[in-house]
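Just so it is clear, the model here is predicted, and its values are computed rather than measured.
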Amino acid sequence: MCAVETEQFINDVVENYSDMMFRVAYNITCNRDDAFDVCQDVFVKLMKNKNKINNNVHLKAWLIRVTINCAKNFKKQAYNRLTVSLNELSGIRADNIDDKLVLTSCVHKLPEKYKTAIYLFYYENMSINEISRLLGISENTVKSRLVRGREKLRTILEKENYNG
């Protein structure tokens, strides 16, 4: 790709996929700034691998997979494991919050495998088949994670005394 084509390619990716990438990264990192850092890492990887992308369907799947991997790696880093956000430290809890924010907050409390399946299914509107292929697991495993994730989510909502 020449410089003009590369610039147009990146502009198109930013315009069409950056919001999705941010949501995926935020779902895993639970932090806005960390999610932006993850997205930057993904764009660097995209620049190095842009010639391997076959089409837009492949591009979207590649971006989601790389974003998930980068976000998980980010969370594994020692600095990030040993730090706590100011909200967590102060114990701030908003009681008059919109239902979607409460639900999203509770989704973030799920174990990683359930959170990822629920996020991709409900927030990114991916099918069970698409999630299966993306994560490299069977469709039955995706279904089990969705069922168990919803059960755990219900338990979390009950513990939070949320009666939405």
Side-chain angles (χ1 to χ4, degrees), residues 1-81 85 98-154 156:
M1 278 189 187
C2 72
V4 174
E5 290 174 343
T6 299
E7 184 177 340
Q8 184 60 47
F9 174 73
I10 293 300
N11 287 339
D12 290 345
V13 171
V14 168
E15 185 176 321
N16 295 319
Y17 299 105
S18 61
D19 289 341
M20 175 202 64
M21 291 167 52
F22 176 80
R23 290 189 309 267
V24 170
Y26 183 81
N27 181 57
I28 295 169
T29 63
C30 303
N31 180 294
R32 181 178 165 85
D33 295 325
D34 294 345
F36 281 123
D37 288 345
V38 167
C39 289
Q40 287 180 348
D41 290 345
V42 174
F43 279 116
V44 169
K45 290 181 186 303
L46 177 63
M47 289 301 300
K48 292 178 182 177
N49 295 289
K50 66 183 178 287
N51 294 329
K52 297 178 183 175
I53 306 297
N54 300 329
N55 54 47
N56 284 342
V57 173
H58 180 237
L59 174 63
K60 182 178 179 180
W62 187 91
L63 289 170
I64 291 172
R65 179 77 264 170
V66 173
T67 302
I68 289 170
N69 290 341
C70 286
K72 285 181 178 179
N73 289 340
F74 185 87
K75 283 188 71 166
K76 287 179 189 174
Q77 293 172 350
Y79 172 79
N80 294 312
R81 283 195 322 262
S85 75
D98 174 61
D99 289 349
K100 287 183 181 179
L101 293 177
V102 171
L103 186 58
T104 300
S105 172
C106 290
V107 168
H108 288 303
K109 294 176 183 177
L110 292 171
E112 193 71 41
K113 62 184 180 181
Y114 303 126
K115 177 170 54 173
T116 300
I118 285 180
Y119 177 79
L120 293 173
F121 187 77
Y122 290 103
Y123 291 84
E124 292 300 328
N125 297 315
M126 293 181 73
S127 70
I128 289 172
N129 180 275
E130 290 172 322
I131 296 169
S132 167
R133 284 184 285 129
L134 183 68
L135 299 179
I137 57 178
S138 73
E139 288 186 26
N140 286 335
T141 301
V142 173
K143 291 175 188 176
S144 295
R145 288 182 182 182
L146 288 170
V147 168
R148 290 181 184 139
R150 285 189 291 260
E151 289 170 0
K152 289 183 180 294
L153 187 57
R154 188 175 306 113
I156 291 169

S.K.: Do I10 and L46 pass the side chain to side chain contact (heavy atoms under 4.5 Å, CB included) test, and can you show the C-alpha distance, the side-chain angles, and the key distance before you say yes or no?
M.R.: CA-CA 9 Å; I10 293 300; L46 177 63; 4.1 Å; yes

S.K.: Let me see the working for R145 and I137 under side chain to side chain contact (heavy atoms under 4.5 Å, CB included), right down to the final yes or no.
M.R.: CA-CA 11 Å; R145 288 182 182 182; I137 57 178; 3.5 Å; yes

S.K.: Just wondering, do N125 and L120 contact through their side chains at under 4.5 Å, heavy atoms?
M.R.: no

S.K.: Please test I128 against F121 for side chain to side chain contact (heavy atoms under 4.5 Å, CB included), starting from the C-alpha separation and ending with a verdict.
M.R.: CA-CA 7 Å; I128 289 172; F121 187 77; 4.0 Å; yes

S.K.: Residues in side chain to side chain donor-acceptor pair (under 3.5 Å) with N69, at least two apart?
M.R.: R65

S.K.: Quick one: side-chain contact (heavy atoms from CB on, under 4.5 Å) partners of D19, sequence neighbours excluded?
M.R.: R23

S.K.: Are N16 and L59 close enough that some pair of their side-chain heavy atoms sits under 4.5 Å apart?
M.R.: no

S.K.: Sort and list the pairs that fulfil side-chain hydrogen bond (donor to acceptor under 3.5 Å, both in side chains) and have at least one residue in residues 134-144, not counting sequence neighbours.
M.R.: N129-E139, S138-T141

S.K.: Taking all non-hydrogen atoms of both residues into account, name the closest pair between L146 and A117 and its distance.
M.R.: CD2-O, 3.5 Å

S.K.: Are I64 and E124 side-chain neighbours, meaning at least one heavy-atom pair lies under 4.5 Å?
M.R.: no

S.K.: For residues K109 and K152, determine if any side-chain heavy atom of one lies less than 4.5 Å from a side-chain heavy atom of the other.
M.R.: no

S.K.: Can you list everything that forms a side-chain contact (heavy atoms from CB on, under 4.5 Å) with K45? Sequence neighbours excluded, please.
M.R.: N49, W62, V66, C70

S.K.: The test is side chain to side chain contact (heavy atoms under 4.5 Å, CB included); show your working for R148 and K113 and say whether it passes.
M.R.: CA-CA 10 Å; R148 290 181 184 139; K113 62 184 180 181; over 6 Å; no

S.K.: Looking at side-chain heavy atoms only, is the closest gap between I28 and V38 below 4.5 Å?
M.R.: no

S.K.: Do V147 and R150 have side chains that get closer than 4.5 Å, going by heavy atoms?
M.R.: yes

S.K.: Are any non-hydrogen side-chain atoms of Y17 and T67 less than 4.5 angstrom apart?
M.R.: no

S.K.: Listed by chain and number, what are the side chain to side chain donor-acceptor pair (under 3.5 Å) partners of K72, not counting sequence neighbours?
M.R.: none

S.K.: Is any side-chain heavy atom of Q40 less than 4.5 Å from a side-chain heavy atom of V44?
M.R.: no

S.K.: Is it true that, when you exclude K115 itself, more than 12 heavy atoms of the residues, nucleotides or ligands shown sit nearer than 6.0 Å to its NZ?
M.R.: yes

S.K.: Would you list the pairs meeting ring pair (Phe, Tyr, Trp, His ring centres under 6.0 Å) in which at least one residue belongs to residues 29-58, sequence neighbours left out?
M.R.: F22-F36

S.K.: For L63 versus M21, what's the shortest heavy-atom pair and its separation?
M.R.: CD2-SD, 3.9 Å

S.K.: So does D12 get a backbone contact from the side chain of E15, meaning a donor-acceptor N/O pair under 3.5 Å?
M.R.: no

